[in-house]
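Below is one structure, written out as structure tokens; comments come after it.
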Amino acid sequence: MKKYLTVLFLIFGIFGNAQIVSNETKEEETQIVKKEKPTKPKQGTEIYFGVSPAYTFRTLEVNEGLFGKSIGHRADESGEWTAGFNLGARTKIHDFLKLEIGVGYASNKESFDYTKTDSVYRYNNTYRHISFPIRIAYTFGEDISFYGGLGIIPKAFLSMKHEETVLDPFGKEQTSTTTERDKFNMFLIDAVATLGTQVKLNKHYGLFLMVEGRRQLTNNFNAQSPYIRKAFALGFNIGVEVYL
């Protein structure tokens with residue numbers, strides 16, 4: 001009888017140990033599978049969206065020759081603040097260099113104000129464009145990095161909006177708005193310089209804050225216009241970026 005009991009205990013012991021070993025093996029396999037989940041590496045590319053408020057004005061010269069005429073009251077025009085926006089991508093081309101290409105909306109503005117007790121003549125002109133900024137940027141740093149860029153901005157001219165305010169016969173201000181496309185060059189180029197910082201919030205998102213200066217290299221008007229107008233801007237470029 002004792003022999004039978006001893007055999008039974010041996011059988012239960014063997015199966016019990018086998019079950020424990022089997023369970024431990026399954027747990028180890030499960031842990032190994034969990035540890036081996038692949039993570040997608042970052043590609044060094046940034047997608048950005050920014051807004052660019054800036055003080056804008058222009059240089060204005062007489063177009064010497066058959067079509068030129070005196071600048072007149074336009075010499076008393078003033079610059080104005082305006083804003084644009086841009087969307088694009090930055091890609092590393094070297095350890096400290098990035099190529100930036102984007103598309104956006106850009107504008108520049110001028111105004112004139114003659115206001116007296118019995119006379120009002122005010123206007124502002126807003127020159128509107130689709131812009132295609134292209135920059136080479138030098139950067140260094142990790143979570144907070146320095147950014148310095150130089151480039152050009154080809155622009156496609158959309159229109160010039162003219163808003164004019166005068167007094168009507170009853171002494172009340174009357175404002176009218178017109179849109180012009182004649183007499184303007186359809187393709188323009190700016191030079192641009194940017195200096196600022198990029199702040200990485202986490203491995204997916206970040207912010208950028210930059211000071212930016214732009215100078216138009218080509219004339220807003222065509223060859224038959226009485227003036228040569230070249231715009232400039234000094235302001236900011238602020239936005240968010242996503243790391244791919």
- Quick one: are the ring centres of Phe96 and Phe140 less than 6.0 Å apart? no
- Any donor and acceptor pair, going by atom type alone, linking the side chain of Arg135 with main-chain N or O of Ala193 inside 3.5 Å? no
- Query: Distance-only, no hydrogens or angles: does the Asn220 side chain make a donor-acceptor pair with backbone N or O of Ile228 under 3.5 Å?
  - Reply: no
- Query: Looking at OG1 of Thr194 and CG of Leu150, how far apart are the two atoms once the value is rounded to the nearest 0.5 Å?
  - Reply: 8.0 Å
- Side-chain donor or acceptor of Thr45 paired with backbone N/O of Thr91 under 3.5 Å: no
- Message: If you define the side chain from C-beta out and look only at heavy atoms, does anything of Phe232 sit under 4.5 Å from Lys230?
- Response: no
- Item | Backbone N/O of Ser145 and side chain of Thr197: donor-acceptor pair under 3.5 Å | yes
- Item | For Ala191 against Leu217, the heavy-atom pair lying closest together | N-CG, 4.1 Å
- Query: Is it true that His204 and Tyr243 have ring centroids separated by less than 6.0 Å?
  - Reply: no
- State, yes or no, whether a side-chain contact exists between Gln216 and Asn108 at a heavy-atom distance under 4.5 Å. yes
- With sequence neighbours left out, write down each residue that passes salt bridge (Lys or Arg N to Asp or Glu O under 4.0 Å) with Arg214, or none if nothing qualifies. Glu212
- Message: Quick check on Lys200: does its NZ atom have over 12 non-hydrogen neighbours (other residues, nucleotides or ligands) under 6.0 Å away?
- Response: yes
- Separation between NZ (Lys155) and CD1 (Ile130), nearest 0.5 Å, reads 11.5 Å
- Over all heavy atoms of both residues, which pair between Phe67 and Ala223 is shortest? Give the atoms and the distance, please. CD1-O, 3.9 Å
- How far apart are the closest heavy atoms of Ser52 and Asn86, and which atoms are they? OG-ND2, 4.0 Å
- So if you build clusters from Ile, Leu, Val, Met, Phe, Trp, Tyr with side-chain heavy-atom gaps below 4.5 Å, do Leu158 and Val103 land together? yes
- Item | Euclidean distance, Glu46 CD relative to Gln198 CD, rounded to 0.5 Å | 5.0 Å
- Query: Do Arg128 and Ser107 have side-chain atoms, one donor and one acceptor, less than 3.5 Å apart?
  - Reply: no
- Interatomic distance, Thr165 atom OG1 to Gln174 atom CD [nearest 0.5 angstrom]: 9.0 Å
- Message: To the closest 0.5 Å, what do you measure between OG1 (Thr115) and CD (Glu173)?
- Response: 7.0 Å
- Task: Please confirm whether the backbone N or O of Leu188 pairs with a side-chain atom of Asn185, one donor and one acceptor, at under 3.5 Å?
- Result: no
- CG-CD distance between Asn125 and Glu164, expressed to the nearest 0.5 angstrom: 9.5 Å
- May I ask you to test the Thr59-Arg215 pair for a side-chain heavy-atom distance under 4.5 Å? yes
- Query: Ring centres of Tyr147 and Phe208 under 6.0 Å apart?
  - Reply: no
- Message: Run the side-chain contact (heavy atoms from CB on, under 4.5 Å) test on Val166 and Tyr121 for me, step by step, so that the C-alpha distance in whole Å, both residues' side-chain angles and the decisive distance to 0.1 Å come before the verdict.
- Response: CA-CA 5 Å; Val166 296; Tyr121 180 51; 3.9 Å; yes
- Can you tell if the side chain of Leu97 reaches within under 4.5 Å of the side chain of Asp95, non-hydrogen atoms only? no
- Which residues share a ring pair (Phe, Tyr, Trp, His ring centres under 6.0 Å) with His73, sequence neighbours left out: Phe112, Tyr123
- Query: Can you find a pair of side-chain heavy atoms, one from Ile136 and one from Ile93, that are under 4.5 Å apart?
  - Reply: yes
- Message: Just checking Phe49: does its CZ atom have more than 12 heavy atoms from other residues, nucleotides or ligands closer to it than 6.0 angstrom?
- Response: yes
- Exercise: do Glu80 and Tyr55 side chains pair donor with acceptor under 3.5 Å: no
- Query: Side chain of Ser131, backbone of Pro133: donor and acceptor closer than 3.5 Å?
  - Reply: no
- Message: Taking side chain to side chain donor-acceptor pair (under 3.5 Å) as the definition, give me every residue that meets it alongside Lys109, ordered by chain and number, with sequence neighbours left out.
- Response: none
- Glu180 side chain to Asp182 backbone, donor-acceptor under 3.5 Å: no
- Atom CZ of Phe184 with >12 non-hydrogen neighbours under 6.0 angstrom: yes
- When you measure from the side chain of Asn219 to the backbone N and O of Arg229, does any donor-acceptor pair fall under 3.5 Å? yes
- Item | Side chain proximity check, Tyr48 to Leu87, heavy atoms < 4.5 angstrom | no
